[in-house]
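Single-structure report; data block below.
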Amino acid sequence: MPELPEVEVVRAGLEPAVTGARVASIEILDARSLRRHTGPSEDFTDRLEGAIFAGASRRGKYMWLPLVPRASQHSLIEPVEITPAPTEALVVHLGMSGQVLLRDRYTDDNLTRIRLELSHPSHGDLRLNFVDQRIFGSMALDSLVATPDVLREHVPTQVAHIARDPLDPHFDEALFLKRLAARNTGIKRALLDQSLISGIGNIYADEALWAARIHYDQPTGALTRPRATRLLAEVRAVLIKALAEGGTSFDAQYVNVNGNSGYFSHSLNAYGQQGKPCPRCGRPIVREQFMNRGSHFCRFCQKIR
DNA sequence: CCCCTCACCTGATCGC
DNA sequence: TGCGATCAGGTGAGGG
């Protein structure tokens with residue numbers, strides 16, 4: 001479920017279930033899913049066991065579950081006025097094929113790589129299965145650091161280089177447009193660069209470019225400010241609409257924490273629509289190889305200018 | 001510093 | 001039924 005809407009659907013599903021839950025036990029079924037964790041599996045397991053999750057956060061396609069500091073775990077049970085801020089988090093990236101599934105303690109899922117048994121003071125026992133066919137995704141324990149911008153928001157160190165996503169209330173539109181104009185590359189490359197703007201992947205890049213009538217290889221330097229502004233608006237619109245529809249699922253591979261698919265695949269105008277008529281002009285949508293992946297667009301509506 | 005290519009991986013599905 | 005080819009929604013290291 002890897003782009004912003006799909007990750008947000010997972011984050012939103014996790015938040016109420018895991019906040020306040022304690023990690024009772026951990027099973028590493030495939031250590032390659034810890035590729036982003038510095039240190040051996042035992043280090044991951046030792047540090048995570050007994051920890052309590054304080055919430056569920058996200059930036060772009062990364063999400064993380066901050067850990068209640070050990071010294072103040074007690075205060076969750078009997079809240080006190082001042083609780084120290086978390087300094088560590090369980091970072092989850094879904095890669096190309098990752099899923100996070102919440103199950104009862106007896107349910108297993110095919111291709112589960114990491115399993116957490118959780119116990120929640122009011123929701124009872126819960127199993128969290130991290131499933132990932134290709135193992136491009138990962139779980140990792142990481143420390144939280146303040147972002148370099150003025151807001152000093154805390155994010156995991158491995159997320160520090162990721163730009164704010166366009167649904168973030170603190171996304172700086174003027175800064176984005178300025179940095180975009182300074183780039184000397186094609187617009188789709190820029191949209192997919194998570195250090196410039198995060199959360200956009202191949203599907204939503206193609207959809208937003210189609211909506212804004214911009215060719216994927218349009219040079220960023222020649223993209224006028226009004227067209228760039230329009231593109232950003234279309235990016236936001238498509239992400240919001242996809243989120244409202246539960247994300248894009250082509251098959252059972254992309255599902256929410258309960259294993260259910262989203263419906264946005266029915267709303268796609270360009271991605272995967274090669275051979276079908278462009279919903280705007282009726283000419284065929286084409287697919288071209290670009291950056292080792294497919295780019296779907298309408299040759300008539302989307303021309304380099 | 002910026003830009004771009006490539007390696008990293010598996011298993012579901014399809015055609016022969 | 002079996003086997004090989006094909007395909008996929010992401011990321012970052014490293015070279016130019």
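So you know, we letter chains A, B, ... as the sequences are listed, proteins then strands, and number each from 1. When reading the values below, keep in mind they use all heavy atoms of this one structure, side chains included, and skip hydrogens, waters and symmetry mates. Here the structure is a predicted model, which is why all the values come from computation and not from measurement.
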Side-chain N,O (A:H93) to OP1/OP2 (C:dG10) below 4.0 Å: no
Give every donor-acceptor pair under 3.5 Å between a side-chain atom in residues 272-283 of chain A and any protein atom, sequence neighbours left out.
from   : atom 1 : to     : atom 2 : distance (Å)
A:Q273 : NE2    : A:Y271 : O      : 2.9
A:R280 : NH1    : A:W210 : O      : 3.0
A:R280 : NH2    : A:W210 : O      : 2.8

Which nucleotides of DNA chain B pair, in dot-bracket form (Watson-Crick or G-U under 3.5 Å, | meaning another strand): .|||||||.|||||||
Sole candidate of A:L90, A:T19, A:V68 that passes side chain to side chain contact (heavy atoms under 4.5 Å, CB included) when paired with A:F53: A:L90
Counterpart residues, side chain to side chain donor-acceptor pair (under 3.5 Å), relative to A:R32 (two or more places apart): A:D30
Side chain to side chain donor-acceptor pair (under 3.5 Å) against A:E8, all qualifying residues, sequence neighbours excluded: A:R11, A:R58
Rounded distance in Å - CD (A:Q289) to P (C:dC7): 8 Å
ring-ring contact (aromatic ring centres under 6.0 Å, His included) against A:F136, all qualifying residues, sequence neighbours excluded: none
N/O donor-acceptor pair under 3.5 Å between A:Q73 side chain and A:R70 backbone: no
Remaining members of hydrophobic cluster (4.5 Å side-chain criterion), A:I162: A:Y62, A:W64, A:V91, A:L144, A:V155, A:V159
Candidate pair A:S25 and A:E49, rule side chain to side chain donor-acceptor pair (under 3.5 Å), full reasoning: CA-CA 6 Å; A:S25 67; A:E49 195 162 308; over 6 Å; no
Sugar-phosphate only, base, or nothing, as touched by A:Y62 at under 4.0 Å among non-hydrogen atoms: sugar-phosphate
Interface with DNA chain C, restricted to residues 191-214 of chain A and to heavy atoms under 4.0 Å: A:Q194, A:G201, A:N202, A:I203
Residues from residues 171-190 of chain A lying under 4.0 Å of DNA chain C - heavy atoms: none
A:R58 CZ - C:dG10 P separation (whole Å): 14 Å
All side chain to side chain donor-acceptor pair (under 3.5 Å) counterparts of A:D104, not counting sequence neighbours: A:T107
A:S143 vs A:T87 side-chain heavy atoms within contact, under 4.5 Å: no
A:H161 side-chain N/O to C:dG12 phosphate OP1/OP2 under 4.0 Å: yes
P atoms of B:dC9 and C:dG14, separation to the nearest Å: 14 Å
Non-neighbouring partners of A:N184 that pass side chain to side chain contact (heavy atoms under 4.5 Å, CB included), sequence neighbours left out: none
Plane angle bin for A:F264 and A:Y204 - parallel if under 30°, tilted between 30 and 60°, otherwise perpendicular: tilted
Contact letters for nucleotides 6-12 of chain B, in which S counts primed atoms plus P, OP1 and OP2 and B counts the base, heavy atoms under 4.0 Å: B-BBBBS
Whole-Å distance separating the CG atom of A:D132 from the P atom of C:dG9: 15 Å
Phosphate-side-chain proximity, A:Y271 and C:dA8, N/O vs OP1/OP2 below 4.0 Å: no
Pair listing, salt bridge (charged side-chain N to carboxylate O under 4.0 Å, His left out) test, anchored in residues 116-135 of chain A, at least two apart: A:R105-A:D125, A:E117-A:R127
